[in-house]
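Reading through the structure tokens given below for one structure.
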Amino acid sequence: MNNMTKFGLTSAMTALAANSALAQEAVSLDEKVNAAFASSTGWFVSFIFSPFPGTSFPWIVMWLVIAATIFTLYFGFVQFRFFGHAISLVKGDYSDPNDKGEVSHFQALATALSGTVGLGNIAGVAVAVGIGGPGATFWMIMAGLMGMASKFVECTLGVKYRNELADGTVSGGPMYYISKGFAEKGLPGGKILAVLFAIFCILGAFGGGNMFQANQAHAQIAGIVGDYPGWITGIVFAVVVFMVIVGGIKSIANVTEKVVPFMGVMYVGAALIILAVNFDMIGWAFGQIFEGAFTGLGVAGGLVGALIQGFKRAAFSNEAGVGSAAIAHSAVKTNEPITEGFVSLLEPLIDTVVICTMTALVIIISQQLIIDQETGNYVLNEAGTAIATVGGVGGVALTSAAFGASISWFPYILAIAVILFAFSTMISWSYYGLKAWTYLFGEGKASELVFKILFCIFIVIGAAASLGPVIDFSDAAIFAMAVVNIFALYFLMGVVREELASYASRLKSGEIVKHKG
């Protein structure tokens with residue numbers, strides 16, 4: 001062995017040892033950050049997601065479901081009465097080009113949808129059906145239909161109390177309608193609640209709306225091309241996201257109005273192909289959904305387990321009541337706040353009732369959930385916590401297996417969907433976080449640039465690290481937004497009812513006319 005060879009081997013071994021040491025140090029740093037964060041914020045996460053005593057039903061889910069029910073009744077089932085009008089508004093039939101705002105009704109809807117349509121529709125539904133059985137789908141649909149009313153209320157208020165700046169840009173959302181609405185009504189504490197909401201929104205944007213998305217996208221890509229450093233994915237995503245968000249809401253809307261329909265059609269299209277191939281089983285699948293909703297079909301937790309999982313998935317998926325979507329919808333071009341309330345109620349319908357239900361139907365029809373042929377009930381896994389599945393998979397792997405059972409190459413489509421969902425969620429949440437940031441620290445190019453750079457740095461961190469407790473905390477922060485937001489909505493829903501009565505009477509009398517030629 002000559003000296004050059006020895007030197008080459010020594011260099012290679014030194015580099016290998018250095019890389020190994022760096023990897024161990026990175027893992028060690030991950031663990032240290034996780035431990036420190038868990039010990040300091042664990043109480044907050046536990047509080048937000050804690051169940052009612054003696055149950056496994058998180059109180060935060062009930063908080064969202066009760067609010068959705070109250071708004072549905074208070075506004076006389078507005079989501080059904082004005083559904084047709086909502087479609088006309090999205091088509092642009094009533095759009096006046098002279099109205100103030102930055103984006104169209106369709107662009108605002110696409111931006112808000114891109115923030116909610118994501119991994120929850122793929123992995124979350126599989127978890128809900130895997131634990132609660134097919135019956136969870138029924139309760140998920142019910143919660144989604146009621147959640148339409150929550151979106152209607154918060155997005156109407158978002159436009160009504162938005163700030164229209166001199167340069168034509170708009171800032172709106174719960175921060176503004178809480179502080180302005182409470183002041184208008186002479187109620188105390190509006191400013192404090194608004195600041196609290198903004199803080200939770202920024203934390204949620206950095207974590208669940210950013211780091212988690214980058215982390216999951218990297219995992220999906222690595223699963224196909226092989227393992228490689230997460231920071232590479234992070235940097236690629238950070239550059240692309242920055243190029244989009246640096247242009248503001250108009251740039252974001254221009255991207256989401258193309259990405260959201262594409263990824264929605266791609267995903268739903270694949271589901272429809274599978275349903276068409278298995279057409280003879282659709283009736284049976286719906287039978288399983290309805291029977292499971294009221295009997296439980298022997299799944300973990302029975303009827304109550306199905307109800308809890310369905311409500312939980314709907315709440316976590318469409319974010320109705322969280323207040324995030326109101327920030328995107330506030331930028332719409334309209335002089336009638338109520339019109340954006342109508343448009344926004346379509347969100348839970350598309351996100352939960354259509355996309356989540358499609359996922360659930362494919363999982364049921366593919367028969368990845370094991371059924372006892374003698375009793376007709378589902379077989380539980382060894383731990384008794386969920387339904388046994390073919391191959392013992394769950395989450396996104398269960399969805400992938402369900403689609404793959406009919407379309408062998410679907411895992412590749414799923415990978416593209418996950419990447420697009422992650423990307424679209426990041427750019428939408430960057431806008432939510434930005435508006436919360438400028439509410440706290442003031443409007444201006446410099447302030448906005450600081451936030452956008454920070455946001456992109458967190459993309460790289462999210463893709464490279466496995467910061468479990470950090471993500472848990474940010475998820476809790478997103479639902480803490482709902483605590484503040486819904487509390488405020490109860491005090492302000494009378495304002496929305498006045499807006500609705502005024503608009504409905506003018507629409508009926510013909511005063512409000514179509515602008516489309």
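These numbers come from a predicted model, not from an experiment.
Side-chain N or O atoms of S88 include none that pairs as donor or acceptor with a backbone N or O of D93 at under 3.5 Å. Under the 3.5 Å distance criterion, the side-chain polar atoms of K151 are left unmatched by any main-chain donor or acceptor of L346. Counting only distance, with no hydrogens or angles, the side chain of W63 and the backbone of A482 share a donor-acceptor pair below 3.5 Å. At distances below 3.5 Å, not a single donor-acceptor pair connects side-chain atoms of S406 with backbone N or O atoms of F403. Looking at N210, its side chain never comes within 3.5 Å of a backbone N or O of S430 through a donor-acceptor pair. S428 places no side-chain N or O within 3.5 Å of a backbone atom of T425 that could act as its donor or acceptor partner. The backbone N or O of P134 lies less than 3.5 Å from a partner atom in the side chain of T137, making a donor-acceptor pair. In this structure, S424 contributes its side chain and L420 its backbone to a donor-acceptor pair below 3.5 Å. No side-chain donor-acceptor contact under 3.5 Å links D227 to the backbone of A222. Of the possible polar contacts, none joining the W429 side chain to the G204 backbone as a donor-acceptor pair under 3.5 Å is found.
Ring geometry for F71 versus F75: interplanar angle of 30 to 60°, hence tilted. Ring-plane geometry between F82 and F342 is classed as parallel, the angle between the planes falling under 30 degrees on a 0 to 90 degree scale with a further cut at 60. Between F47 and W59, the ring planes lie tilted relative to each other; the angle falls in the 30° to 60° range.
Atom CG of residue D351 and atom CG of residue L113 lie 7.0 Å apart, to the nearest 0.5 angstrom. The CG atom of N485 lies 9.0 Å from the OG atom of S150; values are rounded to the nearest 0.5 Å. Atoms CD1 and CE, on I252 and M426 in that order, are 12.5 Å from each other to the nearest 0.5 Å. With rounding to the nearest 0.5 Å, the separation of CD1 in I355 from CD1 in I350 is 7.5 Å. Residue F455 holds its CZ atom at 10.0 Å from CE of M211, rounded to the nearest 0.5 Å. Note that CD1 of I327 is 9.5 Å distant from CD of E154, once rounded to the nearest 0.5 Å.
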For residues 260-283, dump all side-chain donor-acceptor pairs below 3.5 Å to protein atoms at least two apart in sequence or in another chain.
| unit_1 | atom_1 | unit_2 | atom_2 | d |
| --- | --- | --- | --- | --- |
| Y267 | OH | T359 | OG1 | 2.8 |
| N278 | ND2 | I274 | O | 2.8 |

Side-chain donor-acceptor contacts of residues 228-239 below 3.5 Å, not counting sequence neighbours, with atom names and distances?
| unit_1 | atom_1 | unit_2 | atom_2 | d |
| --- | --- | --- | --- | --- |
| Y228 | OH | T233 | OG1 | 2.4 |
| T233 | OG1 | H218 | ND1 | 2.8 |

task = Show your working on side-chain contact (heavy atoms from CB on, under 4.5 Å) between L398 and L369 and close with a plain yes or no.
result = CA-CA 9 Å; L398 174 57; L369 306 174; 4.3 Å; yes

request  = Any chance you could lay out the side-chain contact (heavy atoms from CB on, under 4.5 Å) test for W284 and I364, step after step, and finish with the verdict?
outcome  = CA-CA 9 Å; W284 172 80; I364 297 164; 3.8 Å; yes

request  = Could you go through the side-chain contact (heavy atoms from CB on, under 4.5 Å) check for N254 and Q107 one step at a time?
outcome  = CA-CA 7 Å; N254 284 335; Q107 288 176 321; 3.2 Å; yes

task = Applying side chain to side chain donor-acceptor pair (under 3.5 Å), run through Q368 and T389 and close with a yes or a no.
result = CA-CA 5 Å; Q368 295 296 306; T389 61; over 6 Å; no

request  = Please assess F423 against V241 for the test side-chain contact (heavy atoms from CB on, under 4.5 Å), listing each intermediate value before the final yes or no.
outcome  = CA-CA 7 Å; F423 169 67; V241 168; 3.9 Å; yes

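Remark: the Q79 side chain and the T72 side chain contain an N/O donor-acceptor pair separated by less than 3.5 Å.
Taking the ring centroids of F77 and F83, they lie at or beyond the 6.0 Å cut-off.
The number of heavy atoms from other shown groups lying within 6.0 Å of CZ (F242) is above 12.
Across every non-hydrogen atom of S330 and G173, the tightest pair is OG-N, 3.3 Å. For L109 against V90, the heavy-atom pair with the smallest separation is CD2-CG2, 4.0 Å. Between I486 and G321, the shortest heavy-atom contact is CG1-O, 3.6 Å.
For the pairing with H105, the side-chain hydrogen bond (donor to acceptor under 3.5 Å, both in side chains) check across K333, H329, K91, E340 returns one residue only, E340. With respect to L489, the side-chain contact (heavy atoms from CB on, under 4.5 Å) criterion is satisfied by exactly one of V484, V153, V496: V153.
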